[in-house]
Amino acid sequence: MGRVNIEKVIDHLNSDIRKALRDAVEEVTELENFDEYELFRTFKRKVRSKCNTWENVPDNYIEKDY
């Protein structure tokens, strides 16, 4: 079993995750005007409150030296 620093992963994928989160909110609601940066900051805060900094993940979820 490997471990990932979930906060670092989210920070690394910041732009892509933020845009995906924005698109998801737009798809499931009729909201068009919201601050995607504030949404992402709130999302990160909620992830920190629900997840450990280091999360165990099965080895088959980790590809090393791709």
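The structure displayed is predicted, hence computed values, not measured ones. Residues: numbered from 1 along the sequence shown.
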Write down the atom of [X], the atom of [Y], and the distance for their closest heavy-atom approach.
X: E26; Y: F34; result: CG-CE2, 3.7 Å
X: G2; Y: I62; result: CA-CD1, 3.7 Å
X: N56; Y: R3; result: OD1-CG, 3.0 Å
X: I17; Y: I10; result: CD1-CA, 4.1 Å
X: N52; Y: I6; result: O-CG2, 3.3 Å

request  = Apply side-chain contact (heavy atoms from CB on, under 4.5 Å) to D35 and list each qualifying residue two or more places apart in sequence or on a separate chain.
outcome  =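 Checked D35 against side-chain contact (heavy atoms from CB on, under 4.5 Å); matches are Y37, E38, R41.
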If we only count heavy atoms from C-beta on, is the L21 to E36 side-chain gap below 4.5 Å?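 They are not in contact (no side-chain heavy atoms under 4.5 Å apart), so the answer is no.
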Any non-hydrogen side-chain atom of T42 less than 4.5 Å from a side-chain atom of R45?
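SC-SC contact between T42 and R45 confirmed.
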Review point. Atom NZ of K19 and atom CZ of F40: how far apart are they, to the nearest 0.5 Å?
Key: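 Rounded to the nearest 0.5 Å, the NZ-CZ separation comes to 11.5 Å.
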Checklist entry - Between atom NZ of K44 and atom CG of L39, what is the distance when rounded to the nearest 0.5 Å? => result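 So the gap between those two atoms works out to 12.5 Å.
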Main-chain N/O of W54 paired to N5 side chain as donor or acceptor, under 3.5 Å: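 No, the answer is negative, given that no donor and acceptor are paired below the 3.5 Å cut-off.
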